[in-house]
Amino acid sequence: MLRTHTCGELTISDLGQTVTLCGWVQKSRDLGGMTFIDVRDRYGLTQLVLNTDTDATLRETARSLGREFVIKATGQVQERTSKNLKIPTGEIEIVATDIEILNAAKIPPFLIEDETDGGEELRAKFRYLDLRRNPIRNNLMLRHKMAQEVRKYLDGLNFIEVETPVLIKSTPEGARDFVVPSRMNPGEFYALPQSPQTFKQLLMVSGFDRYFQIVKCFRDEDLRADRQPEFTQIDCEMAFITQEDILHIFEGLTRHLFKTVKGIHLDKFPRMDYADAMRLYGSDKPDIRLGMEFVELNDLTKGKNFGIFDNAELVVGINVKGCAEYTRKQIDELTEWLKRPQIGATGMIYCRYGSDGTLKSSVDKFYGEDDLTNWAAAFNAEPGDLMLILAGKTDKVRKQLGELRLEMGARLSLRDKNTFAPLWVIDFPLLEWDEETGRYHAMHHPFTSPKPEDIALLDTAPGEVRANAYDMVINGVEIGGGSIRIHDRALQSLMFKHLGFTQQEAQKQFGFLMDAFEYGAPPHGGIAFGFDRLCSIFAGLDSIRDVIAFPKNNSGRDLMIDTPSTIAKSQMNELKIRTTV
RNA sequence: GGAAUGGUAGUUCAAUGGUAGAAUGCGUGCUUGUCGGGCAUGUGGUUGCGGGUUCGAGUCCCGUCCAUUCCGCCA
């Protein structure tokens with residue numbers, strides 16, 4: 001070892017020891033006769049002090065040091081005369097008698113400090129420098145701790161970690177596949193897994209009973225702050241269980257993580273039907289920290305000759321606490337925000353409940369004081385509140401109001417990073433109508449079992465069939481989701497039929513799974529957590545990029561290694577592929 | 001595929017259509033208790049790229065590229 005200690009461990013109890021430290025020069029402060037040098041490593045920061053009056057060689061070395069030089073320093077631990085109580089090593093310093101430069105460094109393009117001056121693009125390009133910064137390193141250490149606790153918890157419950165292949169088969173359902181050409185099988189391709197879904201079900205058929213894996217998944221879709229082309233799932237599956245068992249065990253996992261990693265105790269997670277989530281929050285992943293449940297006003301608004309409400313399928317609003325003083329300008333601004341193409345609302349009606357008890361709306365021409373009093377009662381509003389109302393087609397207006405609710409929550413600072421509000425959303429629909437293709441798609445995936453009592457609806461009202469499917473949501477973020485699977489060949493065939501597959505197509509794509517179901521498949525189900533998102537929630541971040549060591553940007557590029565990139569002609573020839581760009 | 005915002009010194013940003021600046025970094029000198037060191041001084045620019053309007057463009061217009069966020073998309 002080149003060092004005797006790390007830069008984070010020496011304290012007042014080590015006085016007098018002769019030590020050798022290795023690390024990076026964080027900062028050097030030359031005061032003339034003496035020089036202070038902060039040396040940093042993964043564990044912390046220790047100050048070296050040099051008497052540069054008495055030692056000419058040491059002075060020359062000290063003066064040649066630049067930021068991020070890698071050095072080895074030897075000296076004695078002494079108590080500081082003026083202490084820095086902001087850092088754990090701040091009571092001591094090393095009186096350096098020898099400094100060796102292990103490697104010089106170019107001046108980094110941005111400051112390697114907690115509050116860096118570097119922009120995102122630059123930090124991405126020099127990711128290895130960004131990773132030296134405390135906040136990013138702490139995120140990765142948090143992630144490590146969480147992964148260890150996941151393994152500890154699941155291992156304790158007899159789960160077995162099994163690796164599944166990364167070169168698999170492309171399937172038409174779901175996201176776009178990343179595809180890998182096969183040199184040995186010209187003209188044929190592997191696909192990277194969107195998830196290990198079918199493999200974990202086959203492991204259940206194999207009798208593994210309780211499986212998990214912390215595993216990379218790949219989806220070739222457009223990216224967001226919380227979506228990377230390759231991301232990590234905590235993927236789990238169990239046999240001989242009910243939905244209740246899954247919810248119980250994985251609520252337990254989540255509580256275990258909060259307890260051991262953040263020291264936070266969470267109460268039992270509330271549960272909500274998908275239908276209620278949509279009706280009360282306009283979202284299948286409601287942020288229940290915000291309050292502001294939707295209030296439907298059809299009965300109180302129709303038949304007063306106000307065309308917008310009369311012609312609307314749904315009139316629905318939220319009550320925003322304490323915002324009655326919003327100015328006309330602020331309300332207009334909100335209305336404009338709602339009209340942006342991303343939201344697409346046509347307008348907004350408001351009703352102020354003044355602190356003096358008066359009610360004032362933007363539709364006073366059509367609604368008298370009695371009407372507004374009834375509205376306020378429906379909203380459970382108090383003086384000082386502001387009621388915001390939208391009208392239109394049910395699905396659209398709920399979605400728009402859901403966005404408005406989140407925006408108001410943000411404006412009122414209700415989206416606090418240190419408050420955690422988990423819940424289960426259950427009873428998702430089995431199928432979802434797809435306008436583009438003009439047919440039903442599996443909302444979760446094609447292996448999800450319908451609720452037995454709803455199977456009869458498959459032929460008459462496919463959109464109303466509910467699934468044994470569930471999501472875990474924390475603070476408005478979808479953290480995980482799963483379902484009880486189909487384990488019966490006939491029912492699986494029926495599902496494929498309803499999803500528009502011919503029997504031949506189903507056999508070609510998923511024959512291996514349906515064949516397996518004929519050899520004794522146990523009832524089974526599972527769940528997968530988005531590990532990156534879970535880490536970002538724990539770290540208090542909106543983006544998952546900084547819980548990933550080497551993330552890609554929103555064009556799917558890695559700016560550090562500069563990829564994707566072209567490949568040599570010879571490689572293309574060998575793979576028997578040609579591009580058309 | 002679409003929308004919004006941005007691109008100016010190494011970096012982060014400013015700059016009525018009229019001489020491109022600040023902070024920080026970096027260099028040099030001085031400074032014995034700093035820890036956001038202090039003082040002095042210096043260095044630093046193809047204003048993303050290509051067109052156009054104008055006497056004159058960082059600024060206005062068109063196109064393009066890049067970045068960030070969002071919509072669509074993500075079983």
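Everything numeric in this text was worked out from a predicted model, so none of it was measured. Numbers restart at 1 for each chain; the letters A, B, ... are given by sequence-line order, proteins then strands.
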> Considering only heavy atoms and no angle criterion, is a donor-acceptor pair shorter than 3.5 Å present between the side chain of Glu121(A) and the base of U68(B)?
Replying inline: no
>> Heavy atoms within less than 4.0 Å of RNA chain B: which residues of residues 335-343 of chain A have one? Give them sorted by number.
In response: Pro341(A), Gln342(A)
> Expressed in whole Å, how much space separates the P atoms belonging to G29(B) and A15(B)?
Replying inline: 37 Å
>> Closest approach to the side chain of Asn51(A), judged atom by atom: which nucleotide of U32(B), G37(B), C74(B) is it?
In response: U32(B)
> Paired with U12(B): which nucleotide, if any, by Watson-Crick or G-U wobble criteria at under 3.5 Å for both distances?
Replying inline: A22(B)
> Taking the side chain of Ser555(A) as heavy atoms from C-beta outward, which of G33(B), A67(B), U69(B) is closest to it?
Replying inline: A67(B)
> What is the base-pairing partner of U41(B), counting Watson-Crick and G-U wobble geometry with both distances under 3.5 Å?
Replying inline: G27(B)
>> When you compare the side chain of Ile343(A) with that of Arg340(A), does any pair of heavy atoms fall below 4.5 Å?
In response: yes
> Under a 3.5 Å cut-off for both distances, is A3(B) Watson-Crick or wobble paired, and to whom?
Replying inline: U69(B)
>> Over all strands shown, is Phe110(A) touching base, sugar-phosphate only, or nothing at heavy-atom distances under 4.0 angstrom?
In response: nothing
>> Of the options G25(B), G33(B), G29(B), whose atoms approach the side-chain atoms of Arg63(A) most closely?
In response: G29(B)
>> Below 4.0 angstrom, which residues in residues 217-231 of chain A have at least one non-hydrogen atom near RNA chain B?
In response: Arg219(A), Glu221(A), Asp222(A), Arg224(A), Ala225(A), Arg227(A)
>> Run the side-chain hydrogen bond (donor to acceptor under 3.5 Å, both in side chains) test against Arg80(A) and tell me which residues pass, sequence neighbours left out.
In response: none
> What does Ile87(A) touch in the nucleic acid at a heavy-atom separation under 4.0 angstrom: a base, only the sugar-phosphate, or nothing?
Replying inline: nothing
> Can you name the nearest heavy-atom pair linking Asp38(A) to Arg29(A), along with the distance?
Replying inline: OD2-NH1, 2.9 Å
> For RNA chain B, what residues of residues 477-498 of chain A have any heavy atom nearer than 4.0 Å?
Replying inline: none
>> So does Cys236(A) get a backbone contact from the side chain of Gln213(A), meaning a donor-acceptor N/O pair under 3.5 Å?
In response: no
>> Applying ring-ring contact (aromatic ring centres under 6.0 Å, His included), can you list everything that pairs with Phe428(A), at least two apart in sequence or on another chain?
In response: Tyr274(A)
>> Strictly by Watson-Crick or wobble contacts shorter than 3.5 Å, is anything paired with G63(B), and which nucleotide is it?
In response: C49(B)
>> Among C26(B), U69(B), G33(B), which nucleotide has an atom closest to any side-chain atom of Ile107(A)?
In response: C26(B)
> Which of these nucleotides, A67(B), U11(B), U34(B), is closest to any side-chain atom of Ser82(A)?
Replying inline: U34(B)
>> Using a 4.0 Å heavy-atom cut-off, does Lys399(A) contact any base of the nucleic acid, only the sugar-phosphate backbone, or nothing at all?
In response: sugar-phosphate
>> Students often get this wrong, so: under 4.0 angstrom with heavy atoms, is Pro109(A) touching a base, only sugar-phosphate, or nothing?
In response: sugar-phosphate
>> Counting primed atoms plus P, OP1 and OP2 as sugar-phosphate and everything else as base, spell out the protein contacts along nucleotides 39-44 of chain B at 4.0 Å heavy-atom distance: B, S or - for each nucleotide, 5' to 3'.
In response: ------
> Touch check for Glu93(A), heavy atoms < 4.0 angstrom, all strands: base, sugar-phosphate only, or nothing?
Replying inline: base
> Do Gln78(A) and Glu93(A) have side-chain atoms, one donor and one acceptor, less than 3.5 Å apart?
Replying inline: yes
